[in-house]
Participant: 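Take this structure first; my questions come after.
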Amino acid sequence: MELRSRPSRTATLKDRTLARFNEDRALMCSSAAPIPFAGSMLREHRHVCAFFCSANDEYNTLLPFICDGLDCGHRAFHVLPERHVDDHVTRLRSAGIDVEAAQRSGQLEIALPQDTYLRTGRFDKEDMLNLIQQVLGNGAALGFPLTRMIAHSETALDNWKSRNDWAEYEMRLNGVLSNFDDAVICTFDVHLLNTALAIDILRTHPVVVMGGVLVENSFFTKPEDFLSEVSERTSASQPYRG
């Protein structure tokens with residue numbers, strides 16, 4: 001009969017320790033470091049809705065986040081209407097950012113709604129979900145550890161065929177972003193929103209910036225419940241009422 005030697009307790013302990021070390025290391029590698037933003041930290045949830053009453057309020061909150069990202073080697077991808085681009089660039093420069101150098105290196109990209117939300121001629125949720133993944137994937141392909149995306153989502157509102165499509169897109173975006181460590185900040189001018197739309201915005205983002213402060217969003221709704229509701233709305237063709 002063949003005799004098999006039993007592993008020593010020392011060897012077994014060593015193997016277990018090594019396995020535990022590898023597990024811990026893998027966990028650390030897969031967990032992104034928190035990102036300072038709006039007086040708090042972006043941790044697990046990085047899909048943010050940010051409400052602002054004025055451009056000054058907006059930039060007081062966003063500029064430190066933008067500068068911090070560029071300083072630590074992250075990529076910045078900003079979506080805003082063409083009429084705001086000059087002011088945006090001026091504010092970046094006033095914060096000490098070399099805009100032209102950052103654009104040449106690919107670290108900063110400024111895009112328009114017609115290049116993103118409306119690139120098919122109208123808002124298309126499937127196309128936009130694909131585009132977000134392309135943008136974040138391109139950042140990694142260019143060698144940047146993270147992309148910090150800031151998008152003026154409300155700039156496409158007047159052209160969107162259905163706000164139900166938008167609500168579905170925002171909720172489904174949470175699932176897409178669960179595969180990335182990148183931050184996506186959806187900014188909104190409160191003066192351009194009606195009540196129903198503002199509520200949907202809150203219900204589709206796990207964290208929110210209000211009054212310049214980042215907080216966990218207690219209005220966030222379970223995705224399966226919200227998507228079921230949107231499906232019922234669409235079927236019933238219920239209009240939004242502000």
Side-chain angles (χ1 to χ4, degrees), residues 26-27 29-35 37-38 40-51 65 69 74-79 111 113 115-120 122-141 144-157 160-188 193 196-209 214-235 240:
L27 180 61
C29 290
S30 66
S31 300
I35 299 175
F37 181 46
S40 186
M41 291 284 185
L42 288 175
R43 300 184 188 276
E44 176 187 1
H45 299 297
R46 300 187 172 194
H47 181 207
V48 185
C49 59
F51 296 100
F65 174 74
H74 294 174
R75 186 176 186 233
F77 189 93
H78 300 163
V79 181
D115 304 319
T116 52
Y117 291 104
L118 306 175
R119 67 175 182 168
T120 64
R122 63 177 181 83
F123 178 72
D124 183 321
K125 58 181 181 290
E126 302 297 341
D127 181 72
M128 192 60 192
L129 288 168
N130 289 331
L131 177 63
I132 293 286
Q133 295 177 81
Q134 291 172 18
V135 167
L136 301 183
N138 288 343
F144 297 104
L146 284 179
T147 293
R148 300 189 184 195
M149 181 174 180
I150 298 174
H152 281 256
S153 306
E154 81 278 11
T155 57
L157 282 176
W160 291 357
K161 181 179 180 181
S162 168
R163 285 174 178 159
N164 286 337
D165 281 350
W166 170 81
E168 180 182 339
Y169 154 76
E170 286 282 21
M171 184 56 85
R172 288 174 57 191
L173 183 56
N174 290 296
V176 169
L177 296 180
S178 67
N179 299 313
F180 298 89
D181 292 327
D182 310 89
V184 174
I185 316 298
C186 304
T187 67
F188 297 92
L193 305 177
L197 185 54
I199 291 173
D200 272 355
I201 291 168
L202 281 170
R203 295 178 65 194
T204 54
H205 293 77
V207 280
V208 58
V209 172
L214 177 72
V215 296
E216 185 175 346
N217 183 10
S218 60
F219 291 95
F220 183 64
T221 305
K222 288 183 179 180
E224 58 271 23
D225 293 342
F226 185 83
L227 292 174
S228 176
E229 177 187 326
V230 170
S231 178
E232 291 176 3
R233 282 190 209 165
T234 304
S235 298
Y240 274 71

Participant: Taking side chain as C-beta onward, heavy atoms only, is Phe77 less than 4.5 Å from Ile150?
Facilitator: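 Side-chain contact under 4.5 Å: no.
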Participant: Just checking, any donor-acceptor pair under 3.5 angstrom between side chains of Thr147 and Arg75?
Facilitator: no
Participant: Would you call the rings of Tyr117 and Phe123 parallel, tilted or perpendicular, taking 30° and 60° as the class edges?
Facilitator: tilted
Participant: What are the two closest heavy atoms between Asp127 and Thr116, and how far apart are they?
Facilitator: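 For Asp127 and Thr116, the tightest heavy-atom pair comes out as OD2-O, 4.4 Å.
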Participant: For Val48 and Val184: C-alpha separation, side-chain torsions, deciding distance, then whether side-chain contact (heavy atoms from CB on, under 4.5 Å) applies.
Facilitator: CA-CA 6 Å; Val48 185; Val184 174; over 6 Å; no
Participant: Under the side-chain contact (heavy atoms from CB on, under 4.5 Å) criterion, do Asn174 and His205 qualify, and how do the steps go?
Facilitator: CA-CA 8 Å; Asn174 290 296; His205 293 77; 5.9 Å; no
Participant: Using every non-hydrogen atom in the two residues, find where Ala167 and Phe226 come nearest and quote the distance to one decimal.
Facilitator: O-CE2, 3.6 Å
Participant: What's the spacing between Leu131 CG and Met128 CE if we round to 0.5 Å?
Facilitator: 5.0 Å
Participant: To the nearest 0.5 Å, tell me how far Ile185 CD1 sits from Met149 CE.
Facilitator: 10.5 Å
Participant: So His47 and Cys186, do their side chains get closer than 4.5 Å, heavy atoms only?
Facilitator: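 Of all side-chain heavy-atom pairs linking His47 with Cys186, at least one is under 4.5 Å.
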Participant: Applying side-chain contact (heavy atoms from CB on, under 4.5 Å) to Leu173 and Val176, what does each step give before you reach the verdict?
Facilitator: CA-CA 5 Å; Leu173 183 56; Val176 169; 4.2 Å; yes
Participant: Could you measure the distance from the CD1 atom of Ile35 to the OG atom of Ser40? Nearest 0.5 Å is fine.
Facilitator: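 Answer for the CD1-OG pair, Ile35 versus Ser40, is 12.0 Å.
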Participant: Should Trp166 and Ile201 count as side-chain neighbours, where that means a heavy-atom distance under 4.5 Å?
Facilitator: yes
Participant: Could you check whether any side-chain heavy atom of Val208 comes within less than 4.5 Å of a side-chain heavy atom of Phe219, counting everything from C-beta outward?
Facilitator: no
Participant: Locate the shortest heavy-atom distance separating Phe188 from Cys49; write the atom from each residue and the value.
Facilitator: CE1-CB, 4.0 Å
Participant: Please name the pair of heavy atoms, one in Thr221 and one in Met171, separated by the smallest distance, quoted to 0.1 Å.
Facilitator: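 That would be O-CE, 3.4 Å.
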Participant: Do Asp200 and Arg233 meet the salt-bridge criterion of a basic N to acidic O distance under 4.0 Å?
Facilitator: yes
Participant: Are Ser231 and Glu168 close enough, and set up right, to give a side-chain contact (heavy atoms from CB on, under 4.5 Å), and what steps lead you there?
Facilitator: CA-CA 9 Å; Ser231 178; Glu168 180 182 339; over 6 Å; no
Participant: What's the separation between atom NE2 in His45 and atom CG in Leu214, rounded to the nearest 0.5 Å?
Facilitator: 11.5 Å
Participant: Got a salt bridge between Asp182 and Arg148, using NZ or NE/NH1/NH2 to carboxylate O under 4.0 Å?
Facilitator: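 Salt bridge between Asp182 and Arg148, a charged N being under 4.0 Å from a carboxylate O: no.
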Participant: Looking at every heavy atom in both Arg46 and Ala33, which two are closest together, and how far apart are they?
Facilitator: NH2-O, 2.7 Å
Participant: Is there a donor-acceptor pair closer than 3.5 Å between any side-chain N or O of Asn138 and the backbone N or O of Gln134?
Facilitator: yes
Participant: Give a yes or no on whether a salt bridge exists between Glu216 and Arg43, defined as a side-chain N under 4.0 angstrom from a carboxylate O.
Facilitator: no
Participant: What is the minimum heavy-atom distance between Phe220 and Pro206, and which atoms define it?
Facilitator: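 Reported closest heavy-atom pair: CD1-N, 3.5 Å.
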Participant: Give a yes or no answer on whether the side chain of Ser228 reaches the backbone of Asp225 with a donor-acceptor pair at less than 3.5 Å.
Facilitator: no
Participant: What distance do Gln133 atom CD and Phe180 atom CZ have between them, rounded to the nearest 0.5 Å?
Facilitator: 5.0 Å
Participant: Quick one: CD on Glu170 to CG on Leu202, what's the gap to the nearest 0.5 Å?
Facilitator: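 Those atoms lie 11.5 Å apart.
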Participant: Got Ile132 and Leu177 here, is their nearest side-chain heavy-atom distance under 4.5 Å?
Facilitator: yes
